4 protein chains.
Amino acid sequence: MEIMKPKDEKKLDAVVAATCRLAAERGLFGLTLTEIAKAAGIGTSTLYVYFADKEALFNEVFRRAKHEAVDFYGSDVDPTAPLKAQARQVWNKMIDHRLQRYDQVSFMEQFVGSSFMNEESRSYSARISGGLTQIFIEGQEAEILKAVPVPFLASLVVGSVRETARLIRAQSILDTEESRTTAFQLCWDGIRA
Amino acid sequence: MEIMKPKDEKKLDAVVAATCRLAAERGLFGLTLTEIAKAAGIGTSTLYVYFADKEALFNEVFRRAKHEAVDFYGSDVDPTAPLKAQARQVWNKMIDHRLQRYDQVSFMEQFVGSSFMNEESRSYSARISGGLTQIFIEGQEAEILKAVPVPFLASLVVGSVRETARLIRAQSILDTEESRTTAFQLCWDGIRA
Amino acid sequence: MEIMKPKDEKKLDAVVAATCRLAAERGLFGLTLTEIAKAAGIGTSTLYVYFADKEALFNEVFRRAKHEAVDFYGSDVDPTAPLKAQARQVWNKMIDHRLQRYDQVSFMEQFVGSSFMNEESRSYSARISGGLTQIFIEGQEAEILKAVPVPFLASLVVGSVRETARLIRAQSILDTEESRTTAFQLCWDGIRA
Amino acid sequence: MEIMKPKDEKKLDAVVAATCRLAAERGLFGLTLTEIAKAAGIGTSTLYVYFADKEALFNEVFRRAKHEAVDFYGSDVDPTAPLKAQARQVWNKMIDHRLQRYDQVSFMEQFVGSSFMNEESRSYSARISGGLTQIFIEGQEAEILKAVPVPFLASLVVGSVRETARLIRAQSILDTEESRTTAFQLCWDGIRA
DNA sequence: TATGAATGAGCCTTCATTCAT
DNA sequence: TATGAATGAAGGCTCATTCAT
């Protein structure tokens with residue numbers, strides 16, 4: 001019921017992109033279907049050819065944004081590199097994702113916990129962040145990282161990434177190699193043994 | 001014109017509390033005056049005895065939440081304690097605030113940057129977070145904390161607090177002294193020199 | 001049921017005056033009871049001590065305005081004067097009334113035919129314009145005025161008065177003896193035999 | 001932005017007609033969109049397909065009523081006829097318009113000066129009443145009409161028309177050739193030299 | 001009597017959704 | 001498939017009226 005006829009993938013993409021962009025610019029609520037359709041260059045009622053209703057549209061956008069996020073992280077980190085370097089690669093990718101896919105991230109953060117979220121999206125949201133966990137476990141086994149439950153480590157990294165990306169977007173700091181190295185070093189010092 | 005007749009403080013409090021609770025539970029956006037009034041136990045039109053309109057209501061709720069936050073942080077940290085202990089005290093208070101005033105924090109995070117925010121709220125939002133900066137500066141002068149721009153330090157702490165509180169609320173970790181000490185230690189190791 | 005307790009005539013007068021003034025300034029519709037009460041210097045709910053409801057208030061204001069109009073015309077014209085002079089006196093009084101009691105006239109014109117008008121006011125509106133008819137009859141008997149049904153004569157006079165007063169208020173013409181004489185002469189030439 | 005999508009001219013006409021009729025019957029003020037829509041046989045929200053808001057609706061109705069008035073007076077008077085005959089023709093047309101387009105005239109009289117009137121309508125209202133002025137000037141040059149400022153002449157005619165039409169509508173007099181001739185004669189005697 | 005506070009009813013307006021083509 | 005037109009449902013807000021003092 002969620003998505004009906006994925007015939008014209010072009011239009012679907014336009015809708016998804018428009019929705020994310022508008023959500024980032026003006027907020028997910030009260031984004032109207034008229035606005036979305038106009039931004040996507042189609043008629044309002046055409047949306048109903050692709051989506052059962054507004055909730056289905058949002059959930060599909062969420063599914064795609066999540067999917068693209070996974071793709072974004074897809075290119076695995078170099079397993080032969082030192083663990084800190086691997087961690088830095090992942091950290092970098094997380095920052096890049098928040099910056100380069102800002103619209104989608106913005107949409108997702110507004111969407112999560114909203115009343116639009118259906119059960120499928122809720123469960124879909126649970127998994128993710130695979131690569132990070134793997135590094136944590138390896139790092140703990142090698143006694144490079146602190147021997148604390150993984151959520152503690154993950155929290156610091158996620159918090160670091162989120163706040164650092166926010167600083168960059170707010171232009172409170174510049175997005176230079178130096179800045180990133182500094183920010184990452186704080187994060188790394190926090191989780192290393 | 002923001003708030004009109006603060007005669008019955010009881011009702012006003014009920015409205016503010018209901019608004020924060022509903023914002024935390026179902027999201028700030030899409031929240032209707034009917035819902036708020038019902039939750040506060042008054043008629044919908046009675047809201048207009050206290051507030052000029054929906055925007056004024058939200059801004060007043062924000063003002064109160066901010067005010068309570070300031071009160072919450074009010075009791076200063078012990079300036080004679082070692083810096084790490086002082087930092088821990090602030091970190092603890094931030095966690096406590098996010099847990100004990102969850103509704104209000106949730107409301108504020110959703111409200112900030114929303115189209116409901118008026119100019120007064122915007123300026124009101126600027127000040128805050130005084131205690132933390134002071135500790136950072138002292139810590140850097142004493143060469144206890146890393147000699148990096150303050151925003152880097154602040155980001156790690158804020159990210160740590162936010163994510164740790166989230167873990168506790170999600171019951172991914174228990175809110176014990178041990179858990180807090182662990183989480184804080186990661187944060188501290190990140191910012192210390 | 002119309003009027004309840006005419007105890008405090010002062011307040012009642014204030015309400016009537018305020019209603020007429022506001023009706024003239026901003027229109028009879030959507031004049032609110034709150035505005036009227038404020039302009040009259042009393043509390044909104046106090047209006048209900050004097051009037052059963054809004055409709056009753058308006059009808060009472062109408063009754064009073066009508067009554068004052070009758071009083072205004074009260075001082076009879078000089079029956080010994082030539083008929084044209086008598087007609088001029090009445091015509092003058094009608095102009096004066098429209099200018100000096102503009103608020104009341106404005107209220108009445110807006111009120112007549114409105115959905116507020118109850119049956120009593122409707123019948124009350126029928127009588128009036130006594131003095132004019134008397135002159136017409138006398139004038140026709142003396143073969144000074146045209147021998148046409150009185151309504152034709154009355155129409156021209158009423159139309160003349162209304163439009164002349166409008167010109168004066170719009171400052172399209174000055175309210176001088178000369179202007180009035182000119183305007184009246186047209187009217188008189190129309191009705192005289 | 002005044003009128004949005006004049007696609008279904010039938011519906012638009014129904015709305016305009018219904019609005020005028022209701023304004024004439026129950027007054028322009030207090031008229032609700034629900035009433036108008038119901039009288040026009042459409043859903044309330046459908047009104048917003050054709051008009052931006054209530055004010056736009058009223059202004060469009062005014063524009064159309066004014067336009068139809070111009071059309072009504074369109075067929076010029078016979079310039080070869082004697083001046084009195086020309087005047088009679090115009091006077092007749094004015095009466096006819098007030099009788100045959102009563103709803104529209106009633107709407108316009110209530111609308112003019114109301115808070116609904118926008119700038120466009122205000123300017124639109126300025127022109128009109130061209131033919132009458134022309135006759136006055138010619139008549140004065142030919143020394144057929146009184147040598148007084150035109151507004152005095154116009155006032156008597158307008159007043160005559162208005163009151164005569166009112167008499168006819170109230171069935172105080174019959175709308176016969178004789179009646180009209182009588183009423184016009186009074187008017188003519190008033191303005192002629 | 002006088003009034004501030006409270007509210008139900010109803011208005012204007014928006015918008016997700018359906019209908020007709 | 002695609003869409004302009006239509007609309008029911010609901011939201012924010014106003015206001016005449018009532019309540020409690």
Side-chain angles (χ1 to χ4, degrees), chain A residues 4-5 7-8 11 29-38 40-58 116, chain B residues 4-8 10-12 29-37 40-58, chain C residues 4-5 7-8 11 29-38 41-58 116, chain D residues 4-8 10-12 29-37 40-57:
Chain A
M4 309 204 81
K5 302 193 177 180
K7 274 289 173 61
D8 194 337
K11 267 180 191 132
F29 317 85
L31 211 52
T32 70
L33 292 183
T34 302
E35 286 175 312
I36 293 172
K38 192 176 297 176
I42 63 175
T44 307
S45 46
T46 307
L47 289 174
Y48 286 85
V49 176
Y50 295 91
F51 308 99
D53 55 19
K54 195 185 190 185
E55 185 185 320
L57 188 156
F58 279 174
F116 290 114
Chain B
M4 312 208 80
K5 303 185 180 180
K7 276 295 168 57
D8 194 336
K10 282 269 180 49
K11 260 175 199 134
L12 227 166
F29 307 93
L31 207 54
T32 71
L33 293 181
T34 304
E35 287 175 313
I36 293 172
I42 62 175
T44 306
S45 52
T46 307
L47 289 174
Y48 288 86
V49 175
Y50 295 90
F51 307 99
D53 54 19
K54 197 186 189 185
E55 184 184 321
L57 188 158
F58 280 173
Chain C
M4 308 204 82
K5 304 193 177 181
K7 273 290 174 59
D8 194 337
K11 265 178 193 135
F29 318 84
L31 211 53
T32 70
L33 293 182
T34 302
E35 286 175 311
I36 293 173
K38 192 176 297 176
I42 62 176
T44 306
S45 46
T46 307
L47 289 174
Y48 287 84
V49 174
Y50 294 91
F51 307 99
D53 54 21
K54 196 185 190 185
E55 185 184 320
L57 187 156
F58 279 173
F116 290 115
Chain D
M4 310 208 81
K5 303 185 180 181
K7 275 295 166 55
D8 193 338
K10 282 269 180 51
K11 260 175 200 134
L12 227 166
F29 306 93
L31 208 54
T32 71
L33 294 181
T34 303
E35 286 174 313
I36 293 172
I42 62 176
T44 306
S45 51
T46 307
L47 290 174
Y48 287 84
V49 175
Y50 295 89
F51 307 100
D53 54 19
K54 196 186 190 184
E55 185 184 320
L57 188 158

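Not measured: the values here are computed from a predicted model. The sequence lines fix the lettering, A, B, ..., with proteins before strands; numbering per chain opens at 1.
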query = Which heavy-atom pair separates A:A37 from A:T44 by the least distance, and what is that distance?
reply = CB-CA, 3.6 Å
key: Nearest atoms (heavy-atom pairs only) where C:D53 meets C:Y48   = CA-CE2, 4.1 Å
message = Strictly under 4.0 angstrom, non-hydrogen atoms only: write out the protein contact profile of nucleotides 16-21 of chain E, one letter per nucleotide from the 5' end, B, S or -.
response = SBB---
inquiry  = E:dA5, OP1 or OP2 - any side-chain N/O from B:Y50 closer than 4.0 Å?
reply    = no
query = OP1 or OP2 of F:dT1 less than 4.0 angstrom from a side-chain nitrogen or oxygen of A:K11, does that happen here?
reply = no
Quick one: [X] [atom1] to [N] [atom2], roughly how many Å, whole number?
X	N	atom1	atom2	answer
B:F29	F:dG12	CZ	P	13 Å
C:K38	E:dA2	NZ	P	19 Å
D:E35	E:dG10	CD	C1'	11 Å
D:F51	E:dC11	CZ	P	19 Å

message = A:L33 vs A:L57, test: side chain to side chain contact (heavy atoms under 4.5 Å, CB included). Steps then yes/no.
response = CA-CA 10 Å; A:L33 292 183; A:L57 188 156; 4.2 Å; yes
message = Nearest to the D:D8 side chain among E:dA2, E:dA6, F:dA6, which nucleotide is it?
response = F:dA6
key: Pairwise distance CG(D:L47) to CD1(D:I36) - rounded to 0.5 angstrom   = 7.0 Å
message = Need one value for B:L47: base, sugar-phosphate or nothing, where a base atom within 4.0 Å counts as base even if backbone is also close, heavy atoms only.
response = nothing
query = Under the side-chain contact (heavy atoms from CB on, under 4.5 Å) test, which residues partner B:T32, sequence neighbours left out?
reply = B:T34, B:E35
inquiry  = As a test of your reading of the structure, name each stem of DNA chain E as range with range, where a stem is three or more consecutive Watson-Crick or G-U pairs at under 3.5 Å.
reply    = E:2-21 with F:2-21
note = salt bridge (charged side-chain N to carboxylate O under 4.0 Å, His left out) filter on B:K11, not counting sequence neighbours, yields B:D8
ask   = Can you name the ring pair (Phe, Tyr, Trp, His ring centres under 6.0 Å) partners of A:F116, sequence neighbours left out?
value = A:F29, A:F58
request  = Let me know, please, whether A:G41 or D:G43 comes out on the 5' side of the other along DNA chain F by nearest nucleotide.
outcome  = A:G41
